[in-house]
Number of protein chains: 2
Amino acid sequence: MTAQARGLHARVLDSLGPAITAGEYPPGSVLRTDELAQRFEVSRSVMREVVRVLESMHLVASRRRVGVTVLPAAQWNVYDPQVIRWRLAGADRPRQLRSLTVLRSAVEPVAAGLAARHASAEQCAALTECALGMVATSRGRRLEEYLVHDIAFHRIVLDASGNEMFARLGDVVAEVLAGRTHHDVMFEDPDPAAVTLHVRVAEAVREGDGPRAEALTREIAEGALRELDILAPPPTR
Amino acid sequence: MTAQARGLHARVLDSLGPAITAGEYPPGSVLRTDELAQRFEVSRSVMREVVRVLESMHLVASRRRVGVTVLPAAQWNVYDPQVIRWRLAGADRPRQLRSLTVLRSAVEPVAAGLAARHASAEQCAALTECALGMVATSRGRRLEEYLVHDIAFHRIVLDASGNEMFARLGDVVAEVLAGRTHHDVMFEDPDPAAVTLHVRVAEAVREGDGPRAEALTREIAEGALRELDILAPPPTR
DNA sequence: GTGATGTAAAAGTCTGACTTTTTGAGCACA
DNA sequence: TGTGCTCAAAAAGTCAGACTTTTACATCAC
């Protein structure tokens, strides 16, 4: 799935980045560019470019005479898709998945409400098609096919909201949904109630009923949160 | 406000980045690293690092034998604080401000609801203090002082939500609020209704009443959106 | 103890040579 | 005419080494 030969830069980045987000280098750790270059067997130029990118993600800070300091997680650009991917691949995947699901629960209802007002005819049609696709694949262990429709559905809603900040969360939602299907226990067919809700959201959007689309999407989100509470430890407190 | 002597890399980045987000190089434009290096009078190494960072923001894509291609805005990492700053400083500031305000209207109510459940005693106290500070400075053209309290208030709510994705939006909210006070017409004292709502949100959080905190924050957000509708052209359609 | 001074460590910058990938032109062949 | 192959050039990618600049820290004088 993930390409292998995208150049040295990308390979080193994909090795060092996850190591940092996984906490292998605790905040405050100091690295040296030269040492890293040796460790990864690349030239200083390549390593400098990698450090610059990590710096732009606020994963590290580079200071003269000190070195490259790992920053505390509170400063990381947690909205950077690459950072999200690295963290989802790492150990605190469950916590990450929960954070993102909570974010979804805030954003998607509002996005659906806006979509009801802004969606084009094509988008409405596509949405309905996705919902029907979900219904069709919701039984009989066709999880992969269901997932495709589910992702497409939520992407369309976010796009149709007309808000670019919402639209850009499409990838995040895709990651969360895929994560749920692939990694977490998902032996059962999808919850029939959720499927129905998706159909009704598509309806509401088609009819331009913003408040209803919003309320229904809120129900979907709450369902996802409940599901997460069952599978993963809630806030662990 | 903005530092000047942070090294060549940062200076070139702060010159090229805004130029791209401002649309000076339309999507599909092809730049060459060497040419850019000449134009900005820096070495290729520096320019390469700049390009790598722009690439990590998905503002450009670099391909062999082709050059550095400017990507369409739909692919930009619009959650990157630096990109947000560049865009807010540019021409489509109004649109940007609207997108971010809509995002706030989705996120902050949910964050407030969570804060009511998770806020520590210290956070509750700080929140109340901010609200009182807002009351105290809400009359008599003390906009700057008011702004400080307003920003602190929203930051605390987002932090207290216990969700890192929400917490990281503190800077965005600060930018939006500051933008409203500084750039947009804001001759009047703050809306008294908004001030009262902040006080009541602080109360609700202190009392652990999530639903009320959420509802009240939703009112604040709706007020902000209304205000924006008056000052700036709505969705221009 | 306080403050000036010097030193060395690390990032920052520049240069030039070389490698690798990729595009598109030119050409052969059907 | 069109299809596919070869090849050369263009641009990014990589490397190595020298030099500059900043700055933390130790040392020394007072």
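Side-chain atoms are counted along with the backbone in the values below, which use heavy atoms only and exclude waters and symmetry mates.
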Per-nt protein contacts along nucleotides 11-18 of chain C (heavy atom under 4.0 Å; B base, S backbone sugar-phosphate only, - none) come out as BBBBBBB-

Verify the neighbour count for atom CZ of Arg63(A): are there more than 12 heavy atoms of other residues, nucleotides or ligands below 6.0 Å? no

Glu164(A) bridged to Arg87(B) by N-O distance under 4.0 Å: yes

Between atom CE in Met47(A) and atom P in dT14(D), what is the gap in whole Å? 12 Å

If the test is side chain to side chain contact (heavy atoms under 4.5 Å, CB included), which one of Val51(B), Leu36(B), Val60(B), Val53(B) qualifies with Leu16(B)? Leu36(B)

Which residues pass the salt bridge (charged side-chain N to carboxylate O under 4.0 Å, His left out) test with Arg65(B), not counting sequence neighbours? none

Tell me whether the rings of Tyr79(A) and Tyr79(B) are parallel (<30°), tilted (30 to 60°) or perpendicular (>60°). parallel

